[in-house]
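Working notes, beginning with the structure itself.
By convention in this document, chain letters (A, B, ...) are assigned in the order of the sequence lines, proteins followed by strands, and residues within each chain are numbered from 1. The figures here come from the full heavy-atom set of this structure, side chains too, leaving out hydrogens, waters and symmetry mates.
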2 protein chains.
Amino acid sequence: MKELMDDQELFALFRKNGYKVTTQRLAIYKFILPRGDHPSAEQIYQGLKNDYPTISLGTIYKTLHLLKKIGLIQELGLNEGSVRYEPDMEVHINLVCTQCGKIHDYKPENIENIWHNLISKLNFKPTGQRIDIYYECAACKIKES
Amino acid sequence: MKELMDDQELFALFRKNGYKVTTQRLAIYKFILPRGDHPSAEQIYQGLKNDYPTISLGTIYKTLHLLKKIGLIQELGLNEGSVRYEPDMEVHINLVCTQCGKIHDYKPENIENIWHNLISKLNFKPTGQRIDIYYECAACKIKES
DNA sequence: GTAACTGCAAACGCTTTGCACTCCC
DNA sequence: GGGAGTGCAAAGCGTTTGCAGTTAC
């Protein structure tokens, strides 16, 4: 549960992997963490530049790669241009609106068990997974009619 | 089952959607269809330019979008640069090697039933889905050691 | 003090776009 | 014949890279 990680653990995780703790890295991770909407790099930049006026997109990209490497976030490539980032590394479903691109997480009951059953026949250990469902969200349906 | 669609059905599907049947469109679709490796636009281009020396990447992209629109293929955005294309629209798992990018399809027994159970609580109808498992394939493991 | 990190700007690579020519129907 | 499709080249845009100045430790 990433939500329960305190600053000490976070700092330790950075350092264990040979990375320094910097204001920018903390700001980026803490920006993504509570958001349920899987922001893009650009959205993170827009969201942070008020509080951190000199932060740059380059730093955001570098930090996102670093966070991915130490297992804190996941990248979702979505074939509509930009990549989206999310902090939930557990098994869950991404509900993706094909019109507006909004993403919400969804965890049906027992998804952990169902998932582990489904992949029990594999003869290797997955390093991660991703489950998407595509649909048209209510707001987009209204807009069209 | 796309594999069973004959040329007549394919032509009809194009025309029903208001698109003309062209040599290039057929060549592109028939190139992707039997391949299990989910080629990128560039790979399709490389694979076709011997038989169709004047075919262009622009046409390939336009055709891929068209094929997606009429439901013949799916796009897989994979956050390592290019988008990959696959003709299997049924529920299945993509086994993605995180090192070399190779993708294989995997259909555990009963995946259709398991999937439909899993999403039975949704109050909308999905237009599609995508399930990925990330791992390191045998060939890449050997290369590393 | 020094190696790692940041910010900026330029470079990159995949994809899209515009337009004259060509081909399907 | 006419409008849709192709091929080419240029433009677009998200992302990466290089480097001088700055910061964590």
Quiz prompt | Arg130(A): partners by salt bridge (charged side-chain N to carboxylate O under 4.0 Å, His left out), with sequence neighbours left out | solution =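 Result, salt bridge (charged side-chain N to carboxylate O under 4.0 Å, His left out) vs Arg130(A): Asp132(A).
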Quiz item: Excluding sequence neighbours, so at least two apart, what forms salt bridge (charged side-chain N to carboxylate O under 4.0 Å, His left out) with Lys68(A)?
Solution: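 Salt bridge (charged side-chain N to carboxylate O under 4.0 Å, His left out) check on Lys68(A) returns Glu75(A).
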Quiz item: Taking CG from Leu67(A) and P from dC5(C), how many angstroms apart are they, rounded to a whole number?
Solution: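 Going from Leu67(A) (CG) to dC5(C) (P), I get 12 Å.
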For [X], all residues meeting side-chain hydrogen bond (donor to acceptor under 3.5 Å, both in side chains), sequence neighbours excluded:
{"X": "Asp37(A)", "answer": "Arg35(A)"}
{"X": "Asp7(B)", "answer": "Lys30(B)"}
{"X": "Arg15(B)", "answer": "none"}

Quiz item: How would you list, by chain and number, every residue that makes a side chain to side chain contact (heavy atoms under 4.5 Å, CB included) with Gln43(A), sequence neighbours excluded?
Solution: Pro39(A), Ser40(A), Arg84(A)
Self-check item: Where protein sits on nucleotides 4-9 of chain D, one letter per nucleotide: B base, S sugar-phosphate only, - none, heavy atoms under 4.0 Å
Solution: SSSBS-
Exercise. Could you verify whether a donor N or O on one side chain and an acceptor N or O on the other, from His38(A) and Gln74(A), lie under 3.5 Å apart?
Key: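 No donor-acceptor contact under 3.5 Å links the two side chains.
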Quiz prompt | Phosphate-side-chain proximity, Arg15(A) and dC25(D), N/O vs OP1/OP2 below 4.0 Å | solution = yes
Residues 116-124 of chain A side chain polar contacts: donor-acceptor under 3.5 Å, at least two apart:
from      : atom 1 : to        : atom 2 : distance (Å)
His116(A) : ND1    : Glu112(A) : O      : 2.8
Ser120(A) : OG     : Asn117(A) : O      : 2.8

List every contact pair, protein side and nucleotides 12-15 of chain D side both N or O, where the distance is under 3.5 Å.
from    : atom 1 : to       : atom 2 : distance (Å)
dT15(D) : OP1    : Val83(A) : N      : 2.9
dT15(D) : OP2    : Tyr61(A) : OH     : 2.0
dT15(D) : O5'    : Tyr61(A) : OH     : 3.0

